[in-house]
Number of protein chains: 4
Amino acid sequence: MPLTISIDLGSPVPAYRQIADRLRETLVTGHLRPGDALPPVRQLATDLGVHFNTVAEAYRTLATEGWLMLRRGSGAVVVERGVPPPAAPEQRDRLALALRDAVLKMRAAGWPAEEIAIELHKALKGTPS
Amino acid sequence: MPLTISIDLGSPVPAYRQIADRLRETLVTGHLRPGDALPPVRQLATDLGVHFNTVAEAYRTLATEGWLMLRRGSGAVVVERGVPPPAAPEQRDRLALALRDAVLKMRAAGWPAEEIAIELHKALKGTPS
Amino acid sequence: MPLTISIDLGSPVPAYRQIADRLRETLVTGHLRPGDALPPVRQLATDLGVHFNTVAEAYRTLATEGWLMLRRGSGAVVVERGVPPPAAPEQRDRLALALRDAVLKMRAAGWPAEEIAIELHKALKGTPS
Amino acid sequence: MPLTISIDLGSPVPAYRQIADRLRETLVTGHLRPGDALPPVRQLATDLGVHFNTVAEAYRTLATEGWLMLRRGSGAVVVERGVPPPAAPEQRDRLALALRDAVLKMRAAGWPAEEIAIELHKALKGTPS
DNA sequence: GTGGTCTAGACCACG
DNA sequence: GTGGTCTAGACCACA
């Protein structure tokens with residue numbers, strides 16, 4: 001499967017971050033494994049209908065997070081990851097808050113609590129470890 | 001309790017949206033009920049250390065979402081809510097995606113699946129209906 | 001019929017103008033005729049759930065337009081009207097523009113052109129001369 | 001034609017809403033079509049002699065109505081519209097009421113019923129579908 | 001005293 | 001160069 005992701009222009013979430021998010025998914029779930037090469041920036045850019053700088057920014061984000069290694073000329077490669085660095089407590093809180101906000105917005109939009117739990121388990125399913 | 005919320009000015013999430021998020025919490029959880037008056041924009045603004053326009057923007061957001069009624073001269077009042085307006089499917093997807101993103105970022109940061117489930121239930125707890 | 005009108009707090013249109021608009025209706029359509037007395041400011045105010053100053057402001061608006069005569073102690077009375085003063089062309093344009101805007105917003109909201117015409121005729125019906 | 005609209009700064013109707021109204025016109029009548037780009041907020045602002053925030057507010061209004069897509073770095077683009085979102089009955093009433101008000105104010109200002117009908121048909125003409 | 005509008009302008013984030 | 005956010009503060013309209 002040649003890495004099919006899709007993003008939502010028109011969302012308030014910037015394109016480069018959506019791309020990084022979608023790619024991080026494939027990394028977390030193990031669909032992209034250490035040693036695998038990511039598609040060239042320009043190819044993924046045309047696939048998604050964005051400027052290649054936007055994709056490059058996403059790759060840079062993931063590289064900073066320690067997922068990728070970028071080398072001029074040889075593209076982006078998934079890195080062998082050890083234990084994820086223990087997140088700063090401030091960072092932890094932010095992530096938990098994002099979850100909380102997502103849940104409350106769904107509640108506010110009328111989702112039943114059960115469906116939200118189902119969505120959560122869909123998201124958790126397939127994530128190793 | 002005079003409505004104590006707090007925001008993080010250093011966060012990438014804009015202040016006005018944080019304010020709206022925190023207020024939406026108190027609305028979803030029923031701590032603010034139909035008929036209740038919100039603090040004047042200028043007061044909440046000084047409490048939070050932001051400009052009153054920033055709070056006004058948050059109030060306006062919640063008003064267009066149907067939570068509040070804003071009236072010149074009177075103030076901001078929580079509205080009696082009927083059925084939540086049927087969200088466009090696009091909007092629904094965005095909400096579910098936000099949940100998925102939050103979960104996967106937590107996984108990527110090394111949270112055990114179980115702890116994430118606990119966080120979820122904390123978020124769901126106390127939301128009526 | 002003891003003059004039953006209703007307004008929509010929560011609308012962006014200020015209450016006093018809604019009251020004036022509703023009253024002007026009854027004047028244009030002839031349900032209130034020269035010599036008729038309007039309800040006391042305080043009574044109409046409590047009926048509508050607004051401050052009596054708000055109703056007073058509406059009465060004043062209609063008095064300025066030449067519909068009413070206000071006398072302290074004797075309340076508001078509908079005036080014998082001659083020919084309406086020829087509106088300034090600027091005023092004429094504003095009124096026509098309001099009609100145009102109303103129509104376009106209905107179109108934008110998906111109303112069929114025919115239904116809009118029906119609404120128009122409902123509005124015109126019963127207006128004498 | 002580079003989108004020529006004009007507003008009346010002396011009107012009680014706020015400038016940002018006038019701008020939104022005028023733009024909605026060009027959208028409803030099909031003079032601006034899906035995919036078309038709107039002028040940058042700052043450019044339209046200087047054209048109209050207002051601050052760019054005022055134009056931005058108008059754009060945001062149309063964006064939440066589903067007409068536009070705003071993207072940082074790109075610009076404002078007219079969106080492909082599906083079915084107009086089913087307006088809340090409350091909203092429907094408000095629109096019909098605005099029409100009714102406009103008509104009765106014209107009657108009150110002395111317009112003959114026939115001329116009003118003519119104005120209506122001018123407003124309806126050119127609106128497709 | 002309440003919210004609403006607007007300006008002026010700085011600074012940021014995105015593409 | 002695009003839109004987004006925020007501040008500072010004036011002035012208005014409303015109740």
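Just so it is clear: chains get the letters A, B, ... in the order the sequence lines come, proteins before strands, and each one is counted from 1. Quick note: numbers below take in every heavy atom, side chains included, and nothing from hydrogens, waters or symmetry partners.
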Next item on the list: Would you kindly compare B:G73 and D:P40 by the position of their nearest DNA chain F nucleotide and give the one closer to the 5′ end?
Entry: D:P40

Margin query: Can you measure C:I7 atom CD1 to F:dA15 atom P for me and round it to whole angstrom units?
Written below: 8 Å

Next item on the list: Could you state the atom-to-atom distance from CZ of B:R72 to C1' of F:dC11 in whole Å?
Entry: 12 Å

Notebook entry, point to check: Taking atom P of E:dG1 as reference, at what distance in whole Å does atom CG of B:L44 sit?
Noted result: 18 Å

Next item on the list: Please check the phosphate of E:dG3 (OP1 and OP2 only) for any side-chain N or O of B:Y59 closer than 4.0 Å.
Entry: no

Next item on the list: Give a yes/no answer on whether the side chain of D:Y16 brings an N or O atom under 4.0 Å of OP1 or OP2 in E:dC6.
Entry: no

Next item on the list: Hey, which sits more toward the 5' end of DNA chain E by its nearest nucleotide, D:T54 or B:R42?
Entry: B:R42

Check: Is C:V50 touching bases, backbone alone, or none of the nucleic acid, heavy atoms closer than 4.0 Å?
Finding: nothing

Next item on the list: Return the nearest nucleotide to the side chain of B:F52; candidates are E:dA8, F:dC6, F:dG9.
Entry: F:dG9

Check: Can you check the B:R71 CZ to E:dT5 P distance for me, whole Å?
Finding: 16 Å

Check: Charged N to carboxylate O below 4.0 Å: is that the case for A:R22 and A:D8?
Finding: no

Next item on the list: State, to 0.1 Å, how close A:A96 and B:M106 come at their nearest heavy-atom pair, and which atoms those are.
Entry: CA-CE, 4.1 Å

Notebook entry, point to check: Has the side chain of B:N53 got a donor or acceptor atom sitting under 3.5 Å from an opposite partner on the base of E:dG4?
Noted result: no

Notebook entry, point to check: Charged N to carboxylate O under 4.0 angstrom, A:R17 versus A:E57?
Noted result: no

Next item on the list: In plain terms, say whether C:D21 and D:K105 are close enough for a salt bridge, that is, a side-chain N and a carboxylate O under 4.0 Å apart.
Entry: yes

Notebook entry, point to check: Now, which nucleotide makes the Watson-Crick or G-U wobble pair with F:dC14, with each of the two distances under 3.5 Å?
Noted result: E:dG1

Check: Between atom CE in B:M69 and atom P in F:dC14, what is the gap in whole Å?
Finding: 16 Å

Notebook entry, point to check: Between atom NE2 in D:H51 and atom C1' in E:dC6, what is the gap in whole Å?
Noted result: 9 Å

Notebook entry, point to check: Once you round it to whole Å, what is the distance between P of E:dG4 and CZ of D:R17?
Noted result: 10 Å

Next item on the list: Over all heavy atoms of both residues, which pair between D:Y59 and D:L38 is shortest? Give the atoms and the distance, please.
Entry: OH-CB, 3.6 Å

Note to self: Both B:S74 and A:P14 contact DNA chain E. Which one's nearest nucleotide lies toward the 5' end?
What the structure shows: B:S74

Margin query: If I take atom CG in residue C:L48 and atom P in nucleotide F:dA15, what distance separates them, rounded to the nearest angstrom?
Written below: 12 Å

